[in-house]
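Counting from 1, the numbers follow the sequence of the chain as shown. Keep in mind it's a predicted model, so treat the numbers as computed, not measured.
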Amino acid sequence: QVQLVESGGGSVQTGGFLTLSCAPSGNTRNLVTISWFRRAPGQEREGVAGIAIGGGMSGSTFYTDSVEGRFTISQDNAKSTVYLHMNSLKPEDTALYYCAASLYSARWTTSLYDYWGQGTQVTVSS
């Protein structure tokens with residue numbers, strides 16, 4: 001089993017920044033992808049950013065178009081915590097952000113993510 005603990009959410013004004021953290025624990029050895037998803041009120045869950053932490057593409061990252069150039073996903077040198085650095089935040093970024101881990105190169109296919117965190121709220125006011 002793998003546990004994911006998110007932190008770092010909060011409330012900021014438009015143009016502000018936040019950094020979210022996702023700390024995996026447990027049997028993490030076979031994880032391949034860790035990604036951030038979000039769900040805004042009344043909307044479906046969408047993929048935000050992901051990073052390959054295992055397999056042949058380790059270190060590669062991917063982003064949804066709406067956050068490209070504003071958000072950066074990274075993993076610390078100890079190969080544990082994954083960060084989502086969010087800059088130039090907009091009201092439309094307001095959502096509950098979830099960290100998810102997969103044993104596959106999953107990208108945005110949510111059915112391939114076996115492990116999910118509880119979520120951390122991000123609120124951006126205009």
K.L.:
Which pairs with one or both residues in residues 6-32 pass ring pair (Phe, Tyr, Trp, His ring centres under 6.0 Å), sequence neighbours excluded?
P.N.:
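Those involving residues 6-32 do not exist here.
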K.L.:
Is atom CD of Gln13 surrounded by more than 12 heavy atoms (other residues, nucleotides or ligands) closer than 6.0 Å?
P.N.:
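Open.
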K.L.:
Quick one: is the NZ or CZ of Arg39 closer than 6.0 Å to the six-membered ring centre of Trp116, and within 45° of its axis?
P.N.:
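No, cation not above the ring by the 6.0 Å, 45° rule.
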K.L.:
Looking only at non-hydrogen atoms, find the nearest pair between Ser80 and Pro24 and report the distance.
P.N.:
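Closest heavy-atom pair between Ser80 and Pro24: O-CD, 3.5 Å.
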K.L.:
For Ser74 and His85, which heavy atoms make the closest approach, and how far apart are they?
P.N.:
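That closest heavy-atom pairing would be OG-NE2, 3.4 Å.
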K.L.:
Side chain of Thr28, backbone of Ser25: donor and acceptor closer than 3.5 Å?
P.N.:
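Not a single qualifying donor-acceptor pair exists.
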K.L.:
Start with the C-alpha gap between Asp93 and Arg70, add the side-chain angles, then the distance that decides, and say whether side-chain contact (heavy atoms from CB on, under 4.5 Å) holds.
P.N.:
CA-CA 11 Å; Asp93 294 317; Arg70 299 189 298 122; 2.8 Å; yes
K.L.:
Taking all heavy atoms of Thr33 and all of Ser105, pick out the closest pair and write down the distance.
P.N.:
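Scanning both residues, the minimum pair turns out to be OG1-CA, 3.5 Å.
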K.L.:
Would Tyr113 and Leu103 count as a side-chain contact (heavy atoms from CB on, under 4.5 Å) if you check the C-alpha gap in whole Å, the side-chain angles of each, and the deciding distance to 0.1 Å?
P.N.:
CA-CA 7 Å; Tyr113 286 86; Leu103 303 174; over 6 Å; no
K.L.:
Would you say Tyr115 and Trp36 are hydrophobically clustered, going by side-chain heavy atoms of ILVMFWY under 4.5 Å?
P.N.:
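Yes, because Tyr115 and Trp36 connect within a single hydrophobic cluster, where side-chain heavy atoms sit under 4.5 Å apart.
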K.L.:
Below 4.5 Å, heavy atoms only, C-beta onward: do Val48 and Tyr98 meet side chain to side chain?
P.N.:
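Answer no - side chains too far apart.
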K.L.:
Hydrophobic clustering (ILVMFWY, side-chain heavy atoms < 4.5 Å, transitive) - are Val82 and Phe71 grouped together?
P.N.:
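Per the 4.5 Å side-chain linkage, Phe71 and Val82 are co-clustered.
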K.L.:
Test your reading of the model: is there a side-chain donor-acceptor pair from Thr120 to the backbone of Tyr97, 3.5 Å cut-off?
P.N.:
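Side chain of Thr120 to backbone of Tyr97, a donor-acceptor pair under 3.5 Å: no, none is there.
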K.L.:
Roughly how far, to the nearest 0.5 Å, is CG of Leu31 from CG of Leu4?
P.N.:
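Leu4 CG to Leu31 CG: 7.5 Å, rounded to 0.5 Å.
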K.L.:
With distance as the sole test, does Thr14 use its side chain to make a donor-acceptor pair with the main-chain N or O of Lys90 at under 3.5 Å?
P.N.:
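A pair under 3.5 Å: no.
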K.L.:
Under 3.5 Å, side chain of Ser102 to main-chain N/O of Leu112, donor-acceptor pair present?
P.N.:
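Looks like yes, one N/O pair under 3.5 Å.
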K.L.:
Evaluate Leu20 against Val122 for side-chain contact (heavy atoms from CB on, under 4.5 Å), listing each step before the verdict.
P.N.:
CA-CA 9 Å; Leu20 306 183; Val122 172; 4.0 Å; yes
K.L.:
About how many Å separate CG of Leu84 and OG1 of Thr19, when rounded to the nearest 0.5 Å?
P.N.:
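Result: 8.0 Å between the selected atoms.
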K.L.:
So, taking the atom named CZ in Arg38 and the one named CD in Glu92, what distance separates them when rounded to the nearest 0.5 Å?
P.N.:
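Output value for this atom pair is 8.5 Å.
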K.L.:
Could you report the tightest heavy-atom contact between Ile73 and Gly50, atom names first, then the distance?
P.N.:
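Minimum heavy-atom separation between Ile73 and Gly50: CG2-O, 3.5 Å.
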K.L.:
For the atom pair OG (Ser35) and OH (Tyr63), what is the distance rounded to the nearest 0.5 Å?
P.N.:
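It is 10.5 Å, given to the nearest 0.5 Å.
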K.L.:
CD/Glu46 to CH2/Trp108 distance, rounded to the nearest 0.5 angstrom?
P.N.:
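If I round to the nearest 0.5 Å, the distance is 8.5 Å.
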K.L.:
Would you compute the distance between atom CZ of Arg45 and atom OG1 of Thr110 and round it to the nearest 0.5 angstrom?
P.N.:
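Going from the CZ atom of Arg45 to the OG1 atom of Thr110 covers 5.0 Å.
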K.L.:
Looking at Glu6 and Gln118, would you say the former's side chain and the latter's main chain have a donor-acceptor pair under 3.5 Å?
P.N.:
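Yes, the answer is positive, given that a donor and an acceptor are paired below the 3.5 Å cut-off.
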K.L.:
Could you go through the side-chain contact (heavy atoms from CB on, under 4.5 Å) check for Thr109 and Tyr104 one step at a time?
P.N.:
CA-CA 10 Å; Thr109 306; Tyr104 308 95; over 6 Å; no
